**Q** 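Got a structure for you, questions after.
As the structure is a prediction and not an experimental result, all values here were calculated from the model.
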Amino acid sequence: SSQILKIVSLLYCFIVILFFGSFLEDYFIQSTYKAASGMLYGNLEAAQWLSSVGTDRQMIVSRKLSEPHIYVAFANSWDPDDYQRFTKTWDYKGSGLTWVDQIPEYKLGNYIFKNIDWRLDSRKSAYLAGRPEEFPEDVVSLKTFYYPNGSKALLVVDR
C-alpha cells in the first residue's frame with residue numbers, strides 16, 4: 001500500500017511538473033506567436049518607420065490598425081500640446097461617435113487616417129500603410145512588417 005502511494009505521488013508530481021513546464025513554455029515562448037495579431041503587433045514599428053522616412057509627403061494610414069494616431073504620435077514624439085491641437089478638429093463626440101477610429105477620416109499632421117480604398121488611394125502621391133488584405137495580392141510594398149510567425153502584418157506602399 002505504501003508502494004502504491006509512492007507511485008501515485010511520483011506520478012502526480014510528474015504530471016504537475018509536466019503541466020507547469022507546458023504553461024511556462026506557452027506563456028513565455030508561444031504567447032508571442034499566438035497573441036501577435038490581437039496585440040496589434042507591428043503597428044508601432046510601422047509608425048516608427050513612417051516617421052523615419054522624414055518626408056512631407058502625405059501618409060494614408062488605415063483605420064484598421066486600431067487607433068493608429070496613437071502610434072503615429074508616439075513614434076513622432078509629438079508635443080502633447082500640438083497633438084491636442086490637432087485632435088480638436090476631430091469632434092467625434094459631436095458626430096455621435098464613441099471612438100476616434102469610428103470617424104471616417106481624420107488628420108494628424110501629414111497623416112490621414114481612413115479606410116484604404118485602393119482604387120482611389122493608389123492614384124495619390126502618398127505612402128499607404130495598412131493590413132495586407134487592403135491591397136491587391138500582387139502589390140509591391142515599399143516596406144513589409146511581419147508577425148513573429150512570418151506572416152505579413154502590415155504593408156507600406158509608395159504611390
Side-chain angles (χ1 to χ4, degrees), residues 10-80 82-83 86-87 90 92 97-159:
L10 283 173
L11 185 60
Y12 177 77
C13 287
F14 175 75
I15 290 172
V16 167
I17 290 170
L18 182 70
F19 279 113
F20 186 66
S22 174
F23 163 77
L24 290 176
E25 192 264 342
D26 196 44
Y27 187 80
F28 288 108
I29 298 170
Q30 296 298 322
S31 65
T32 302
Y33 299 97
K34 291 178 180 179
S37 175
M39 297 303 291
L40 308 175
Y41 191 91
N43 287 11
L44 179 59
E45 292 79 4
Q48 288 170 330
W49 187 85
L50 287 170
S51 173
S52 74
V53 174
T55 180
D56 290 334
R57 284 184 71 194
Q58 190 175 62
M59 300 191 193
I60 300 173
V61 180
S62 174
R63 293 182 321 137
K64 290 187 178 186
L65 302 185
S66 186
E67 307 264 352
H69 55 277
I70 299 297
Y71 297 98
V72 167
F74 185 79
N76 284 285
S77 301
W78 265 318
D79 183 306
D82 294 336
Y83 178 81
F86 279 120
T87 63
W90 297 350
Y92 67 97
L97 304 172
T98 53
W99 300 100
V100 170
D101 64 356
Q102 292 174 322
I103 302 170
E105 183 175 311
Y106 56 103
K107 296 179 182 182
L108 184 61
N110 61 328
Y111 293 85
I112 298 174
F113 304 98
K114 63 188 231 48
N115 290 341
I116 292 176
D117 181 343
W118 181 251
R119 292 171 296 146
L120 298 174
D121 295 330
S122 65
R123 297 181 188 145
K124 299 175 182 173
S125 176
Y127 289 123
L128 306 173
R131 299 276 178 227
E133 63 270 11
E134 296 180 272
F135 299 98
E137 284 193 32
D138 61 344
V139 73
V140 177
S141 65
L142 179 63
K143 181 73 174 168
T144 303
F145 297 89
Y146 296 91
Y147 290 121
N149 69 5
S151 63
K152 292 178 182 177
L154 295 150
L155 302 177
V156 177
V157 176
D158 184 6
R159 297 311 304 156

**Q** Which pair of heavy atoms, one from Ser51 and one from Asn76, lies closest together, and at what distance?
**A**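 The pair with the smallest heavy-atom distance is OG-OD1, 3.0 Å.
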**Q** Taking all atoms of both residues into account, what is the closest heavy-atom pair of Asp121 and Arg159, and its distance?
**A**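 Asp121 and Arg159 have their closest heavy atoms at O-CG, 4.2 Å.
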**Q** Strictly by modelled atom types, are Tyr106 and His69 linked by a side-chain donor-acceptor pair under 3.5 Å?
**A**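 Note: Tyr106 and His69 side chains meet the donor-acceptor criterion.
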**Q** Do Leu154 and Asn43 make a side-chain contact, defined as non-hydrogen atoms from C-beta onward lying under 4.5 Å apart?
**A**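 Contact flag for Leu154/Asn43 side chains = yes.
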**Q** So do the side chains of Tyr92 and Trp99 get within less than 4.5 Å of each other, counting heavy atoms only?
**A**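 Side-chain contact under 4.5 Å: no.
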**Q** So with a 6.0 Å cut-off around CG of Asp56, is the heavy-atom count from everything else above 12?
**A**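 For Asp56, atom CG is not crowded (no more than 12 foreign heavy atoms under 6.0 Å).
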**Q** Hey, does the Lys NZ or Arg CZ of Lys143 hover above the aromatic six-ring of Phe145, less than 6.0 Å from the centre and inside 45° of the axis?
**A**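 Yes, Lys143 and Phe145 form such a contact.
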**Q** Once the angle between the rings of Tyr147 and Tyr41 is folded into 0 to 90°, is it parallel (under 30°), tilted (30 to 60°) or perpendicular (over 60°)?
**A**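 Geometry flag for Tyr41 against Tyr147: tilted rings.
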**Q** From Leu120 CG over to Asn115 CG, what is the distance, rounded to the nearest 0.5 angstrom?
**A**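 Atom-to-atom, Leu120:CG and Asn115:CG are 12.0 Å apart.
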**Q** Drop me the distance from Asp158's CG to Ser125's OG, to the nearest 0.5 angstrom.
**A**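 The OG atom of Ser125 is 7.0 Å from CG of Asp158, to the nearest 0.5 Å.
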**Q** Rounded to the nearest 0.5 Å, how far apart are CG of Leu44 and CG of Leu65?
**A**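 Here the interatomic distance stands at 12.0 Å.
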**Q** Could you measure the distance from the CG atom of Leu50 to the OH atom of Tyr111? Nearest 0.5 Å is fine.
**A**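 Those atoms lie 5.0 Å apart.
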**Q** Does OH in Tyr83 sit with more than 12 non-hydrogen atoms of other residues, nucleotides or ligands closer than 6.0 Å?
**A**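 Yes, because the 6.0 Å sphere around OH of Tyr83 holds more than 12 heavy atoms from other groups.
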**Q** If you take all heavy atoms of Ala153 and Pro132, which pair is closest and at what distance?
**A**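 For Ala153 and Pro132, the tightest heavy-atom pair comes out as O-CD, 3.3 Å.
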**Q** Would you say the side chain of Lys107 lies within less than 4.5 Å of the side chain of Ile112, judging by non-hydrogen atoms?
**A**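 Heavy-atom side-chain distance check passes, below 4.5 Å.
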**Q** Begin from the C-alpha positions of Val72 and Phe113 and carry the test side-chain contact (heavy atoms from CB on, under 4.5 Å) through to its verdict.
**A** CA-CA 10 Å; Val72 167; Phe113 304 98; 3.9 Å; yes
**Q** Would you name the heavy atoms of Trp49 and Val156 that are closest together and state the gap between them?
**A**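 Scanning both residues, the minimum pair turns out to be CZ3-CG1, 3.6 Å.
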**Q** Taking atom types as modelled, is there a side-chain donor on Gln102 or Thr98 under 3.5 Å from an acceptor on the other?
**A**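 A pair is found: one side chain offers a donor N or O, the other an acceptor, under 3.5 Å apart.
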**Q** With the side chain counted from C-beta on, respond yes when Leu108 and Trp78 share a heavy-atom pair under 4.5 Å apart, and no when they do not.
**A**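 Yes, at least one pair of side-chain atoms sits under 4.5 Å.
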**Q** Is there a side-chain contact between Ile116 and Arg63 in this structure, where contact means two heavy atoms from C-beta onward sitting under 4.5 Å apart?
**A**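 Contact flag for Ile116/Arg63 side chains = no.
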**Q** Please check if atom NZ in Lys114 has more than 12 non-hydrogen atoms from other residues, nucleotides or ligands closer than 6.0 Å.
**A**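 Yes.
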**Q** Can you see which heavy atom on Trp118 is nearest to which on Pro136, and at what distance?
**A**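 Smallest interatomic distance, heavy atoms only, reads NE1-CG, 3.2 Å.
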**Q** Please tell me if the side chains of Val100 and Trp90 come closer than 4.5 Å, counting only heavy atoms from C-beta onward.
**A**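 Yes, at least one pair of side-chain atoms sits under 4.5 Å.
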**Q** Looking at Tyr127, is Arg57 sitting on its ring face, NZ or CZ under 6.0 Å from the six-membered ring centre and within 45 degrees of the normal?
**A**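 Yes, Arg57 lies over the aromatic ring of Tyr127.
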**Q** What heavy-atom pair brings Ser141 and Val157 nearest, and what distance separates the two atoms?
**A**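 That would be CA-CG2, 4.3 Å.
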**Q** CZ of Phe135 to OG of Ser62: how many Å apart, nearest 0.5 Å?
**A**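 Answer for the CZ-OG pair, Phe135 versus Ser62, is 7.5 Å.
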